[in-house]
> 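The following block contains the structure, expressed as C-alpha cells.
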Amino acid sequence: MKISAFSPFHKTKAIHGILSIVPVMVVLLFIRLYPLASSIYRSFTNWDGLYRNDWVGLKNYINIFTDSPFWTLLRNSLVLLLSVPLQIIIGLFIAVLLYEEVKGWRFFRTLIYLPQIVSAVTIGYLFRIAFGLEGPFNIILQAINLGKYTMEWLGNTWTALAVLVFCLTWFSIGWQAIVILGGMTRIPLDVFEAAKLDGATFFQRTFLIIVPMIVRTLEYAVIMSMVWTFTSVFAFIFAITNGGPGYETTTIDYMIYTKFYQAGSNFGFATALAVILLLIIMVFTVIEMRFTSAASDWE
Amino acid sequence: MKKTMRLIIFGLVIISTLLAATGCAPAAPAAPQKLTIWINARDSFISPSEQKLSQDQWYISQAIKRFEAANPGVTVELVPQADALQAHQTFRTAGLANNAPDIANLWGGTFIYALRDVEADISQYIPAEDKANLIGWDTVTLDFKEGNPIIGYPTPDNQMCFFLYNKKIMTEVGLDYENNPPRDVETFMADMQKIKDAGYLPMAADEGAGYPYYFFYIAGYWWVQQNGLEPILAADRGDAKFADDQALIDTLKLYNEIWAKGYMNEDAATSGDSWNKFLQGEVALFPSVPTFVKDAQDALGEENVGAILPPNFSANSKIKDSLIGGPGQSLVVSKSSKNPELATKFLSFINSKEEVLKFYETQTKVPVRKDLTPADLKLQPGSVGDKLFSWSKNYIFWVDNSLSGPVVDNFTKLLPLVLTGKMTPEDFAAELDKVKGQ
Amino acid sequence: MVKNLTNRLTNAFIFLTLLAISISNLYPLFFMFFNSLKHRTDYLIDPFSIRGLSLTWENYVTMISQFKILSLFGNTLFISFFTILFILIFGIIASFAFAKLKFPGIDLIYLLIISTMFIPVQVTIIPLYIFYSKLQLVNSYWSVILTYLGMFLPEAILLMTASFRGIPDELLEAAELDGAGYFDKLRYIIVPMGVPAIVLTIIFYFIVTWNDLFTPMVLLQDMSKRTVMVALASLLSRYSGDPTFQFAGLVLATIPAIIIYAIFQQYIIKGISAGSTK
C-alpha cells in the first residue's frame with residue numbers, strides 16, 4: 001500500500017512530526033545552538049573571555065596544528081576510544097548473563113551500576129594509588145612471581161594510557177550492561193528460549209540472536225560512549241595521570257579545560273580546539289550511523 | 001483537525017508553563033548599601049575546624065556581623081565558592097554580565113591582572129594607615145608596578161614555603177636542625193646523603209599530581225634568589241629567553257640531581273601519597289606551607305615537628321636567607337560594584353589589627369600586618385609558628401603567580417619530566433620560550 | 001558427566017568474575033564509608049589502614065545537624081525532578097517524531113540535534129551565563145534546569161528514538177485504523193513499549209544531575225540554593241579541609257541515587273513486547 005506524499009493521511013503525520021520537535025528545537029536553539037554559534041565565531045578571534053575580541057582569521061587553528069602538541073592530544077583521545085569496544089563487549093556479556101538469570105543476578109544487577117554514582121575524583125584517586133609504584137597492582141604482581149614486570153605504570157606513555165583505558169572501561173561496564181539490558185527487553189521470549197533449546201552456545205546466543213536484534217541500542221551505546229570519551233573524561237585523567245608524563249596522556253578535552261582555566265586564558269584558542277573536536281566527533285558519528293543503518297536494514 | 005488543535009494547545013501549554021516558571025524567578029533587589037562577597041570555601045577564611053560549625057559560627061560570619069553593627073544600614077552577603085580555580089572563571093563571566101559580587105577572593109598576581117577589565121581601581125579609597133601597616137600591596141597592584149591601579153587587598157594571611165622536618169629522624173641521624181640548619185646546598189646535599197644512609201627517605205613530593213610543589217615551593221626560590229624576579233618576568237614577557245637564563249638551568253639541574261641521587265621518592269612524578277608517608281614518619285623533609293603544620297603536629301606529635309628555610313643556592317646569590325611566599329590570595333573589588341568605597345571599607349576592616357587577631361584564633365597561618373608581635377599571636381618562642389612569623393617579613397613572591405598562564409601550564413606539565421631526567425633543562429627552557437609573551 | 005563438570009566449572013568461573021567486578025564496584029563506596037568513620041588526622045596518615053577507625057557517627061551527625069545536608073538534598077531534588085520531567089515530556093514527543101513521524105529534512109534535524117552533544121559544556125557557559133543574566137535567571141534553579149535540558153535532551157532523544165524505532169509500524173497503523181489519534185498512540189503504544197528507554201532516561205539523568213558540580217557551581221551564587229555536590233565540594237582541597245567529613249557527606253549523597261537506581265531498574269524486564277507483537 002503506497003501512500004502518495006500529498007495524501008491527507010501523510011500530511012497530518014508530517015504536521016504532527018514538526019509540532020513534536022518544536023519544543024526541543026526551541027530549547028536547543030537558545031541553550032545549545034546559540035552558544036555554539038557564538039563559540040564558532042569566537043574561535044576566529046583572540047577573545048580573552050572579556051572584551052578583547054579581534055578577528056584573527058585562522059590564526060588559532062594554525063597555532064593548534066603547528067605550535068601545540070595537538071597530534072599527541074589527538075592520539076591520546078583516539079587511544080582512549082579503545083575503551084568503547086571493550087566496555088561494550090564486556091557490558092554485552094554481562095547483560096546476557098543477567099538476562100539469563102545467572103546465579104546471584106539480582107545482586108550483581110544492583111552493584112554493577114555503582115561506579116556511576118561515585119565521583120570521578122574518588123575513583124581517580126583510587127586508581128592512582130592502585131597503579132602506583134608501591135601500589136596494590138605491583139604488590140600482586142610480586143606475589144604471583146611476576147615481580148620483574150612491576151613498574152611505574154603511570155610514568156610511561158603506553159602503560160599510563162592503558163591504565164586510563166582500563167579505568168574508563170571499568171567505570172562504564174555497568175552503564176553499558178544496563179543499556180543493553182534495556183534494549184534486550186524487546187526480544188520475544190520464545191525466540192530466545194527456542195535458541196537455547198536448539199543447543200545454541202552462549203556465544204551463538206549472544207552474537208547470532210541478541211546482537212542483530214539490538215543494533216539500534218548498540219548504536220546508541222557506541223555514540224554515547226564515544227562522545228563521552230571525547231568530551232567528558234578530563235576529571236578522570238586529572239586525578240589519575242594529570243595528563244602526564246609531559247603531555248603524553250593529555251586529551252583534547254583536557255587541553256580545552258586547561259586553556260579555559262589558565263591565567264590570561266586564550267579563549268579563542270580553546271574554542272578553536274573545541275570546534276575541531278566537534279568536527280572529529282561529527283565524522284565518527286556519521287560513519288557510525290551509516291554503518292548501523294546498513295546493519296539494521298533487514299530489521 | 002481537532003487533534004492537530006489539541007496538539008498545538010498541548011505544545012503551547014508546555015512552553016508557557018516553562019516560561020511562566022522561569023519568569024517568576026526573583027530579581028535581585030538593588031539595595032545600594034548591600035555588599036556581596038565571595039570567599040574561597042577552603043584554604044582562606046574557613047579553617048578545617050570551622051567547617052563542622054554552622055555558617056553563622058564561622059569567624060568570617062562573625063566579622064561580617066561586627067562590620068554590619070558598626071555600619072548601620074549595611075548588609076553583607078557571604079557566598080563561599082566551592083572551587084577556587086573555577087571562581088576566577090565565574091567572576092570573569094559574572095563581571096562580563098555586570099553581575100559580579102562587590103568583592104571576590106581570588107589568587108593574587110597574574111591571576112587577578114588577567115581580570116583587570118572587570119576589576120575596580122580602589123587606590124583612592126585605601127587609608128594611608130593600611131598602606132603603611134600591611135605587606136603584599138605589590139600582589140594587588142597591576143603588573144606588580146608601583147603607581148599602577150590597586151585592585152584589591154591581600155587576604156590577611158601570608159603564605160610561605162619552607163621544609164617541615166621530622167625531628168625524630170634528624171636526631172637519630174645526628175643532625176641538629178634546631179640550632180644548626182643547613183644554609184647552603186653543599187651541606188644540604190651531604191645531610192640528605194646521611195639521612196639516606198640511615199635508611200630513611202630524605203624528602204618526598206607528588207610532583208606530577210597537579211601542582212609541582214617541590215619546584216614552586218623550594219626550587220623556585222633557588223631560581224629567583226640568584227638574580228631576582230625581574231629577569232624572569234622579562235623572559236616571560238618575551239624580552240629575553242628562558243634558554244639564556246643560567247639560573248633556571250642550574251636550578252633545574254639541582255632539582256633533578258636530588259631525585260637522581262635517590263634523595264626523593266623514586267615515583268615522585270606519579271605518586272599520590274607522599275604526604276601520608278611524611279605523616280607516617282618515614283620521610284625526613286617535606287616541602288610545606290603553613291597550612292600543613294598543624295596536621296604534621298597532630299600526626300607526629302608537636303615535639304617531633306620542626307621547620308627550616310630552604311638552603312641558599314650559592315654564595316653569589318642576589319637574595320639570601322629568604323623564601324618563596326607572600327599573600328598568594330587577594331580580595332578584589334569588581335567593576336560591577338555599586339559601592340567600591342564601602343567595599344574598600346570592608347576590606348580595610350577585615351585587615352584591621354583587631355580583626356586579624358580574632359582571625360588568628362582559628363588559624364595557624366601568618367598575618368600580613370607589620371604591627372603584630374609573636375606575643376600578640378601567643379606564639380611560643382622557638383616554636384614552628386614563631387619561626388614562620390620571623391621569616392614572614394622577608395619573602396620572594398610566588399613564581400607561579402608571577403608568570404603568565406601558558407608558561408605556568410607548560411612548567412607544570414613538563415617539570416616531572418625534568419625531575420626524572422626524561423627532559424634536559426635546556427630543552428625545558430626552550431619549551432617555555434615557545435609559549436612566552438602570549 | 002564430563003559435560004556436567006565443564007558446565008559447573010564455567011558457571012563457577014562466571015560467578016567469580018561477576019563477583020570480582022561487583023566487589024571492585026563496591027570498593028570506592030566502601031573506601032569512603034570506612035574513612036568517614038575516622039578522624040581527619042588518621043585519614044591523612046593512612047587512608048587504607050584501619051588505624052583510627054572509630055565507630056562513632058560524629059561526622060554523620062554533624063553532616064545532618066550543622067551542615068544541613070538534608071535541605072541541600074531538597075535543592076538538588078528540585079533540579080533533578082524538573083529536569084527529568086521536561087526531558088521526558090519534550091524527549092518522548094520528539095523521539096516519537098524522529099522514529100515514526102518522518103517528514104522531509106527530519107534526518108538532518110536529528111543529526112543537528114545530536115551534534116550539539118559534541119561540545120564540552122565549559123565552552124558554552126559564558127554566552128549562556130550572559131543569556132540567563134539578561135533574562136534575570138542567574139541564581140534561579142531554572143537556569144540550571146534549562147542548561148541541563150540543553151545538555152541532556154539530545155542524549156535522551158538518541159536513546160528514546162533508538163528504542164521507539166523498534167516498535168512495529170503495523171501496531172501504529174492498526175491503531176490508526178481504529179481511530180486512534182496522536183495522543184492515543186503516545187499513551188497506548190509508544191510509552192508502554194518504550195518503558196525501558198524511559199526508565200533508563202530517569203536513572204541516567206537523575207544520577208547525572210544529582211552528581212553534577214560544574215553547572216550549579218557557576219549559575220547558583222546563593223547559599224540557600226546550593227546543590228549538595230557544590231556544598232560538599234567546598235569542603236575539601238588537596239591539603240586542607242576535612243576529607244573524612246566530606247566522605248560522610250558523599251556517602252549520604254549516594255543514598256538517593258542508589259534508591260532511584262534500585263527502584264527503576266526493576267522496570268527493565270524481559271519480553272516487554274511479547275504480548276503485543278503477535
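Note on naming: letters A, B, ... go to the chains in the order of the sequence lines (proteins, then strands), and numbering restarts at 1 for each one.
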> Heavy-atom cut-off 4.5 Å, strictly under: side chain, backbone, both or neither for Ile14(C) against chain A?
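Side chain only.
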
> Quick one: what part of Ser24(C) sits under 4.5 Å from any heavy atom of chain A, side chain, backbone, both or neither?
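Both parts, backbone and side chain.
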
> Which residues in residues 173-180 of chain A have any heavy atom closer than 4.5 Å to a heavy atom of chain C?
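Contacts with chain C: Trp175(A), Ile178(A), Val179(A).
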
> Apply the ring pair (Phe, Tyr, Trp, His ring centres under 6.0 Å) test between His16(A) and each candidate in Tyr182(C), Phe183(C), Phe103(C); give the one that qualifies.
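Per the ring pair (Phe, Tyr, Trp, His ring centres under 6.0 Å) rule, the option paired with His16(A) is Tyr182(C), out of Tyr182(C), Phe183(C), Phe103(C).
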
> So, do Ile112(A) and Tyr261(C) sit near enough that their side-chain heavy atoms are less than 4.5 Å apart?
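In contact.
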
> Could you check whether any side-chain heavy atom of Ile119(C) comes within less than 4.5 Å of a side-chain heavy atom of Leu277(A), counting everything from C-beta outward?
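Not touching, per the 4.5 Å side-chain cut-off.
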
> Is there a ring-ring contact (aromatic ring centres under 6.0 Å, His included) between Tyr257(A) and Phe214(C) once you walk through the steps?
CA-CA 12 Å; Tyr257(A) 178 84; Phe214(C) 180 76; 8.3 Å; no

> Evaluate side-chain contact (heavy atoms from CB on, under 4.5 Å) for Phe204(C) paired with Gln116(A), printing each intermediate quantity in order.
CA-CA 9 Å; Phe204(C) 293 168; Gln116(A) 301 277 329; over 6 Å; no

> Are side-chain heavy atoms of Phe260(A) and Val123(C) found at a separation under 4.5 Å?
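Touching, per the 4.5 Å side-chain cut-off.
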
> Is Leu97(A) in contact with chain C via its backbone, its side chain, both, or neither, using a 4.5 Å heavy-atom distance?
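Contact with chain C: side chain only.
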
> Phe164(C): which residues meet the ring pair (Phe, Tyr, Trp, His ring centres under 6.0 Å) condition with it, sequence neighbours left out?
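Not a single residue meets the ring pair (Phe, Tyr, Trp, His ring centres under 6.0 Å) criterion with Phe164(C).
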
> Within this structure, what is the CE-CZ distance for the pair Met117(C) and Phe230(A), rounded to the nearest 0.5 Å?
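One finds 12.5 Å between CE of Met117(C) and CZ of Phe230(A).
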
> Could you give me the CA-CA distance, side-chain angles and deciding distance for Asn25(C) and Phe171(A), then say whether side-chain contact (heavy atoms from CB on, under 4.5 Å) is met?
CA-CA 8 Å; Asn25(C) 288 349; Phe171(A) 178 76; over 6 Å; no

> Would you call the rings of Phe30(A) and Phe131(C) parallel, tilted or perpendicular, where under 30° means parallel and over 60° means perpendicular?
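Parallel: the ring planes of Phe30(A) and Phe131(C) meet at under 30°.
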
> Quick one, Gln122(C) with Phe234(A), criterion side-chain contact (heavy atoms from CB on, under 4.5 Å). Give me CA distance, side-chain angles, the key distance, then yes/no.
CA-CA 12 Å; Gln122(C) 280 80 7; Phe234(A) 70 84; 3.6 Å; yes

> Against Ile31(A), only a single residue in Thr124(C), Leu149(C), Leu128(C) fulfils side chain to side chain contact (heavy atoms under 4.5 Å, CB included); can you say which?
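Single side chain to side chain contact (heavy atoms under 4.5 Å, CB included) partner of Ile31(A) among Thr124(C), Leu149(C), Leu128(C): Leu128(C).
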
> Answer whether the closest heavy-atom distance between the side chains of Ile258(C) and Leu114(A) falls below 4.5 Å.
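SC-SC contact between Ile258(C) and Leu114(A) confirmed.
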
> Does the side-chain contact (heavy atoms from CB on, under 4.5 Å) test come out yes or no for Tyr113(A) and Ile203(C), once each step is laid out?
CA-CA 10 Å; Tyr113(A) 203 71; Ile203(C) 293 176; 3.9 Å; yes

